[in-house]
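Only one structure is covered here, and it is reproduced in the block below.
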Amino acid sequence: MTLANQASSIPDEDLILPPHVSAAGFRSALTAMGEVVGERFVQICTREKMKPDTEGHYFNLPLEHDLFYTLEKETFLAGAVVTPGSVEEVSAVVKLANKYLTPLWPISKGRNLGYGGAAPRLRGSVVLDLGSRMNKILDVNDRDCTCLLEPGVSYFDLYDYLQNNGFKHLWIDNPDLGGGSVVGNALDRGAGYTPYGEHFSMHCGMELVLPNGEVMRTGMGALPDNNTWQTFQYGFGPYPDGLFTQSGFGIVTKMGMWLMPDPGNDSDLPAVVEIIRQLRIGMVIQNAPTIRSTLIDAAVYAPKKHYTESTGVLRDAEIDKIAKDINVGRWNVYGAMYGPKPLRDLQWEVLKGAFMQIPGARYEFPEPLAEGAKQTVLHMREETLKGIPNTHELGWLNWTCERGSLLGFSPISPATGVDADKQYRMVVKRFHEFGFDYIGTFVVGWREMHHIVCLTFDKTDPDSRKRAHRCIELLIDDAAAEGYGEYRTHIAFMDQIASVYNWGGNASMRFNETLKDALDPNGILAPGKSGIWPKRLRGRGLELRRTAPYTREGKASMDVPVSDITSPSVGSEHSGTAMPPHSRL
Ligand code: ADP
């Protein structure tokens, strides 16, 4: 069936239309886009065609809706998915989007797990799937340790390419899960764990399609036939690259990334927040160490029911038992040293001296595994710390139930013990109130920590979805009241989070809206991304307000006392009941 026939065979009321677009207009837009990208690369979405919940997996995520929905499954349903094959096609589609006022939501791989996946913030938007066809590694430069990528290149792809094409000495940095897009992750300001873990800082040069369809190159890419596009980040004049992260100001079609030269054999190492901050700022620790709670490690190995018969929120004693069973502490630091051996030996002396002052701390290096032996979390982290992509951390999903769902909550924290403690208690209090186990990790950056909290819930249970949603909603406000803000979020919370970044009478949002309206006067690119709505759609009831206060129909897990919370900060008054901090190297 031709695309036009397919479009006309779907009744008007079944089309998922963006605001202010008629069924006829939407059909015309999709038909015109089909002429640009090829008819078979346009999928029209309907409620009936949404992938059933029993399908869909990390490697086979739906592109039209969020697999892990807390609101209704179709709240963030796309009107269509269009898959261009070249920058010229992207540009032509953008021009058509302006003509028909059909909003676009660009994605790379769409594996934005816990943050909405590929789903658009604005229902009815056309998901622009850049990842499926624009997935080439355009260049790897051995001398400069750089590469130039299209949006569809995943960490697995890049790693395999380097391994198989004589570039084994070039390392990549990947986040916890290796299936995401290198470009997409940097654009959403994702992070990894080697010294190159601050992904956006390691990008160098972009090609992008602006909301009016114009194609632009940033940095040295603006100079025709230059030879430094992937080696000098700034070029000449204003440096706009940051404007295209978390913004909806442009569609990135190529991006340069810096690669890390193999630093020699590695080893791993221990710590805790106060110590880590000083060592991090002093650059003794070169990468982002993680301080992981017991249950995040436990969840990597097996679902909750494997450890306990309890279905309520786990209490301290139960978590202590799990920690013992899997031979980890209540808090576990995973880190690594990089560089030539003499340098690492010296580093280790400094690190050991610092960390071993913590009473009860112990450390461990990953020993080579005997044939057929099971990997421990330490081995899994070793892979990640060496930039070897993997999916071990997908285990989190099954903690609560089979085919469970994940909602990410990621506030930024000062790298202090006091703040770690405060953040932890703040989250645990709400999680217990709403019946969720705390699964989380603190990832220490240069001078701050990303507190990454994984709320796992059962989307087949409407009560679980509601609780998950309301819990995060309250936490965003709890965090803001303490001066903490999130670095990244699920699409359902973009408006709320933007609303708490409101210094100076919302000066930052006014600036963003001014830019948005200037760059994207028709408001066709990623409306609602990071809470930035274009003039045409602003204040029209599309923003997601906080839901009505949700009261849970009395369940036992609600009444876990706040005092029954173990603190991550070493030596604080709250750590008394916990097992000694256990540091893993
Ligand atoms: P992942 O890298 O985890 O697979 P996505 O591809 O979904 O994740 O990217 C994360 C988010 O970044 C998307 O929801 C989108 O808002 C934005 N994004 C991804 N790729 C692009 C791109 N090429 N141009 C502009 N924005 C993008």
Side-chain angles (χ1 to χ4, degrees), residues 58-68 76 78 81-84 86-87 89-91 93-94 103-122 125-135 149-158 172-192 199-200 203 206-211 215-216 218 241-255 257 389 391 393-394 406 408 410 487-494 519-520 524-532:
Y58 182 59
F59 286 108
N60 178 27
L61 286 172
L63 291 186
E64 76 283 3
H65 75 275
D66 177 17
L67 183 65
F68 303 147
F76 300 116
V81 179
V82 170
T83 306
S86 67
V87 61
E89 290 183 10
V90 174
S91 165
V93 168
V94 169
L104 301 173
W105 182 264
I107 57 149
S108 289
K109 283 297 210 197
R111 297 201 177 118
N112 207 8
L113 230 58
Y115 299 119
R121 169 60 189 83
L122 179 67
S125 297
V126 172
V127 165
L128 198 62
D129 163 25
L130 299 159
S132 297
R133 295 173 68 204
M134 297 173 67
N135 52 12
L149 308 175
E150 288 191 327
V153 177
S154 73
Y155 294 98
F156 280 115
D157 297 334
L158 183 55
I172 65 171
D173 181 282
N174 48 260
D176 286 311
L177 298 170
S181 152
V182 180
V183 171
N185 190 279
L187 287 176
D188 229 22
R189 304 199 203 119
H199 290 166
F200 191 68
H203 99 282
M206 291 176 175
E207 176 186 88
L208 37 94
V209 178
L210 295 171
V215 183
M216 175 172 104
T218 67
D241 291 34
L243 289 175
F244 301 105
T245 63
Q246 293 193 359
S247 68
F249 294 157
I251 300 171
V252 175
T253 46
K254 292 184 183 67
M255 191 189 263
M257 290 298 293
T391 55
E393 309 280 344
L394 276 180
L406 170 73
S410 315
Y487 92 102
R488 188 178 183 185
T489 187
H490 187 281
I491 45 179
F493 301 106
M494 286 179 172
L519 294 175
D520 185 10
I524 54 93
L525 189 52
K529 174 83 184 173
S530 299
I532 306 167

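Computed from a predicted structure; not experimentally measured. One-based numbering, in listed order, for ligands and for the atoms of each.
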Could you pull out every protein residue that has a heavy atom closer than 4.0 Å to ligand 1, ordered by chain and then number?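 Residue list for ligand 1: Trp105, Pro106, Ile107, Ser108, Lys109, Gly110, Arg111, Asn112, Gly117, Leu130, Gly180, Ser181, Gly184, Asn185, Leu187, Asp188, Gly250, Ile251, Val252, Lys529.
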Would you find a donor on one side and an acceptor on the other, under 3.5 Å apart, between the side chain of Thr253 and the backbone of Glu207?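 The answer is yes, because a donor-acceptor pair under 3.5 Å joins these two groups.
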List for me each residue that meets side-chain hydrogen bond (donor to acceptor under 3.5 Å, both in side chains) alongside Asp241, sequence neighbours excluded, and say none if there are none.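 Checked Asp241 against side-chain hydrogen bond (donor to acceptor under 3.5 Å, both in side chains); matches are His203, Thr218.
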Mind checking salt bridge (Lys or Arg N to Asp or Glu O under 4.0 Å) for Arg488 and listing every partner two or more places apart, or none if nothing turns up?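 Arg488 satisfies salt bridge (Lys or Arg N to Asp or Glu O under 4.0 Å) with Asp188 only.
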Non-neighbouring partners of Glu150 that pass salt bridge (Lys or Arg N to Asp or Glu O under 4.0 Å), sequence neighbours left out: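 Once residues adjacent in sequence are excluded, the partners of Glu150 under the salt bridge (Lys or Arg N to Asp or Glu O under 4.0 Å) criterion are Lys136.
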Heavy-atom side-chain proximity of Leu525 to Val94 below 4.5 angstrom: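 Contact flag for Leu525/Val94 side chains = no.
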Under 30°, 30 to 60°, or over 60°: which ring-plane class applies to Tyr487 and Tyr115, parallel, tilted or perpendicular?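 Tyr487 vs Tyr115 ring planes: perpendicular.
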